[in-house]
Amino acid sequence: MSKIIELREKLNSEDDIKNLFNETIEKAKECNNKYNAFVTITDEYNHIDSDSFLNGIPYSLKDNFSTEGILTTGSSNLLKNYVPVFDSTVYEKLKNAGAVLIGKTVLDELAMGGTGTTGNTGIVKNPCDINRMIGGSSSGSAASVAAGVVPFSIGSDTGDSVRKPASYSGIVGFKPTYGRISRYGLFNFASSLDHVGILSKSVMDAAIVTDILKGYDSKDMTSLKDDGIKYVNEINNDITGKKLFYIKEIIDVNTDSEEVKENIRLFHELIDKIKSIGVFVEEVSFDKSLLNAIQGSYYSISCAEATSNNSNLTGLPFGERVEGKDYKEIMLRTRTDGFSELIKRRFVLGSYILKRENQEKLYLNALRVRRLIVEKMNELFNKYDGLILPSTGGIAPLFNSNSSDKLSNEYLLLESHMIIGNFGGYPSISIPYAKVNSMPVGITLTCGAMKDALTLNIANKLEELIKYDGGEYHV
């Protein structure tokens, strides 16, 4: 059921919209007390009337999207008092569609991380179990939706930063084709991998929001011309005869983890159900050496691009400045005090990769691996409509499990495969499908580039088939 449509049907006047805003603000404050989802809660009511599905609908926005006059920190101490003087295109479009912003959400610092524990305002807790991580980097956005505060939230996805927290918290996370939604005003992490993404309670809601946000933007040279398709009108198309595949080398894991074993068992049960409705599903083999190079290539590319993109965070043009005797000392002290250890490690790694003597071996080879993976995937997408896999290996990790920015070697491919969607700029969506040890797990569907309507269509039909009832975690 679409939460957006459900709310929209109850909003018959401006008073209704304002009352819903005030109720949502109170929920957001309670959510912050329990889960630490928000950097800023926007008490100021700001609504532009519209005839769109989103008119009057409250939402949250990851705190790496520029919002004029509203604090935008990237969850970094270096930007803890930064207030932009312009709006991101995403925020501008949502305002003009009548959506009402209720808060900016916590992320892993500068979107570099997958735990939800490195934001400068503290860790984000999972509404499904406060002793567990929600993942990242769109951690606060996922928590605000999972906790029932808002029907949708906007995040960013560079490797799996929308889809993994969605899987860990039992909601939907959708990343459209690269460039489908403008990135103007989004803090750059890794420009060739960054995508705007939507977190929501249903696939229909993800389609509604994407319909509003998609389209060419002259301020973003990577943005795509609107495909002219209304995704909400295509979402219920019959999928009988569609062809899906999963990758043998990713599913075949040797692990002692009972949670991972159960997740894989449930995945195979789901595949049988999918086949029963007339969808063809086949196992395919993929070069294991390429798969094993996914994570290393991702870190090489993303750290190099992040180091370049964030070179302006020096404390000189803006940000929290630490004074020194000259500009070099100011930059050194500002960046040393302003960034967490994780961020500093990534910048050091990126600088090393970008050194002239290292570029051929580390950066260019990573780009070659990416190209080979994308070429193989494009071959598969010529034969199949989509790739389906468990979103993650296990369930959301406990905070005391010594989890960090590293992944278990036992099932590394199962935990990191969603990066493929960013390598190729493919539309990719995670939807909840089962519970393991009372915690949600998701499946990810990835389709060929520009196949956003098909991705949402198949995902919607799978959502109907699964009938996932994960319960509510309302604040």
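Atom set for the values below is all heavy atoms of this structure, side chains included, hydrogens, waters and symmetry mates excluded.
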ask   = Does a sphere of radius 6.0 Å around CE in M221 hold more than 12 heavy atoms from other residues, nucleotides or ligands, not counting ones at 6.0 Å or beyond?
value = no
ask   = With a 4.5 Å heavy-atom cut-off, do K62 and V196 have their side chains touching?
value = no
inquiry  = Has S223 got a side-chain atom pairing as donor or acceptor with D217's backbone, closer than 3.5 angstrom?
reply    = yes
message = Just verifying a value: how many Å separate S76 OG and N120 CG, rounded to the nearest 0.5 Å?
response = 6.5 Å
Side-chain heavy atoms of D220 within contact of T89, under 4.5 Å = no
4.5 Å side-chain heavy-atom contact, I154 and F65 = yes
ask   = Are the aromatic ring centres of F152 and Y59 under 6.0 angstrom apart?
value = yes
request  = Kindly compute the distance separating CG (L291) from NZ (K376), expressed to the nearest 0.5 Å.
outcome  = 10.0 Å
request  = Please report the C-alpha distance between S75 and D108 in whole Å, then the side-chain angles of each, then the deciding distance to 0.1 Å, and finally whether the side-chain contact (heavy atoms from CB on, under 4.5 Å) criterion is met.
outcome  = CA-CA 7 Å; S75 285; D108 281 302; over 6 Å; no
ask   = Can any side-chain N or O of N358 pair as donor or acceptor with the backbone N or O of L354 at less than 3.5 Å?
value = no
key: Any side-chain donor near an acceptor of the partner, S66 and T72, under 3.5 Å   = no
query = Does a donor on one side chain sit under 3.5 Å from an acceptor on the other, for N126 and S169?
reply = no
inquiry  = One thing to verify: whether E375 and R371 come together as a salt bridge, which I'm taking to mean a side-chain N less than 4.0 angstrom from a carboxylate O.
reply    = yes
query = Under the 3.5 angstrom rule, does the side chain of T177 hit a backbone N or O of R180 as a donor-acceptor pair?
reply = no
key: Spacing of CG belonging to N188 relative to CG belonging to D194, to within rounding of 0.5 Å   = 6.0 Å
request  = Examine K214 relative to Y231 and say whether NZ or CZ is less than 6.0 Å from the centre of the six-membered ring and inside a 45° cone about the ring axis.
outcome  = yes
Side-chain (E259) to main-chain (V436) donor-acceptor, under 3.5 angstrom = no
key: G394 to Y168 - nearest heavy-atom pair and separation   = O-CE2, 3.9 Å
message = Is it the case that the side chain of S153 and the backbone of S60 share a donor-acceptor pair, with hydrogens and angles ignored and the cut-off at 3.5 Å?
response = yes
inquiry  = Below 30° counts as parallel, above 60° as perpendicular, anything between as tilted: where do the rings of F187 and Y82 land?
reply    = tilted
message = Check whether E415 reaches the backbone of T392 with its side chain - one donor and one acceptor, N or O, closer than 3.5 Å.
response = no
note = What one should report as the nearest heavy-atom pair of F423 and R370 is O-NE, 3.0 Å
query = Can S340 and E109 be counted as having a side-chain donor-acceptor contact under 3.5 angstrom?
reply = yes
query = Is atom NZ of K344 surrounded by more than 12 heavy atoms (other residues, nucleotides or ligands) closer than 6.0 Å?
reply = yes
key: Flag, side chain of K201 to backbone of V172, donor-acceptor distance under 3.5 Å   = no
ask   = Between atom CD of Q359 and atom OG of S300, what is the distance when rounded to the nearest 0.5 Å?
value = 12.0 Å
key: Under-4.0 Å salt bridge between R368 and E360   = yes
query = Is the backbone N or O of L193 less than 3.5 Å from a side-chain atom of N422, with the two atoms forming a donor-acceptor pair by type?
reply = yes
query = Does a donor on one side chain and an acceptor on the other come within less than 3.5 Å for N457 and E234?
reply = no
inquiry  = Is the shortest side-chain heavy-atom distance between K248 and V284 below 4.5 Å?
reply    = no
query = When you look at L244 and L387, which way does the side-chain contact (heavy atoms from CB on, under 4.5 Å) test go after all the steps?
reply = CA-CA 6 Å; L244 304 179; L387 164 67; over 6 Å; no
Validation row: I431, L462 side chains within 4.5 angstrom (heavy atoms) = yes
message = To the nearest 0.5 Å, what is the distance between CD1 on I419 and OH on Y299?
response = 7.0 Å
note = When every non-hydrogen atom of I134 is compared with those of A143, the smallest separation belongs to CD1-N, 3.4 Å
message = So does G393 get a backbone contact from the side chain of N263, meaning a donor-acceptor N/O pair under 3.5 Å?
response = yes
message = I want to know whether Y184 and F86 have ring centres closer than 6.0 Å.
response = yes
key: Whether Y246 and H268 hold their rings parallel, tilted or perpendicular, with breakpoints at 30° and 60°   = perpendicular
note = Closest non-hydrogen atoms of L199 and V162, given as atom of the first, atom of the second and distance, are CD2-O, 3.6 Å
request  = Identify whether the distance between the nearest side-chain nitrogen and carboxylate oxygen of R163 and D157 falls below 4.0 Å.
outcome  = yes
ask   = Should the ring pair F347 and F339 be called parallel, tilted or perpendicular, given that the plane angle runs from 0 to 90° and is split at 30 and 60?
value = perpendicular
inquiry  = Centroid separation under 6.0 Å, is that true for the rings of F267 and Y433?
reply    = no
query = Between Y384 and F245, is the ring centre distance below 6.0 Å?
reply = yes
remark   = Closest non-hydrogen atoms of S156 and S161, given as atom of the first, atom of the second and distance, are O-CB, 3.2 Å
ask   = Does NZ in K93 sit with more than 12 non-hydrogen atoms of other residues, nucleotides or ligands closer than 6.0 Å?
value = yes
query = With no hydrogens and no angle check, is any side-chain donor or acceptor of D385 less than 3.5 Å from a backbone partner on F381?
reply = no
ask   = Is I429 close to V203 at the side-chain level, that is, under 4.5 Å between some pair of heavy atoms?
value = yes
query = Between the side chains of T105 and S141, does any donor sit under 3.5 Å from an acceptor?
reply = yes
key: Atom pair CG (N254) and OG (S257), whose distance is rounded to the nearest 0.5 Å   = 11.5 Å
request  = Would you sort out whether I277 and L465 count as a side-chain contact (heavy atoms from CB on, under 4.5 Å), showing the intermediate values?
outcome  = CA-CA 9 Å; I277 63 169; L465 175 69; 3.8 Å; yes
query = Is any side-chain heavy atom of H195 closer than 4.5 Å to a side-chain heavy atom of T158?
reply = no
key: E463 and S202: side chain donor to acceptor below 3.5 Å   = no
query = Among L266, I271, L270, whose side-chain contact (heavy atoms from CB on, under 4.5 Å) with I443 holds?
reply = L270
Intermediate values then yes/no, side-chain contact (heavy atoms from CB on, under 4.5 Å), L313 and L110 = CA-CA 11 Å; L313 298 182; L110 299 177; 4.0 Å; yes
task = Kindly give the heavy-atom pair with the smallest separation between G122 and V106, and that separation in Å.
result = O-CG1, 4.1 Å
key: Check: N36 and I123 side chains under 4.5 Å, non-hydrogen atoms   = no
message = For K273, is there an ion pair with E269 - N to carboxylate O distance below 4.0 angstrom?
response = no
inquiry  = I'd like to know whether the aromatic ring centres of Y426 and Y178 sit less than 6.0 Å apart in this structure.
reply    = no
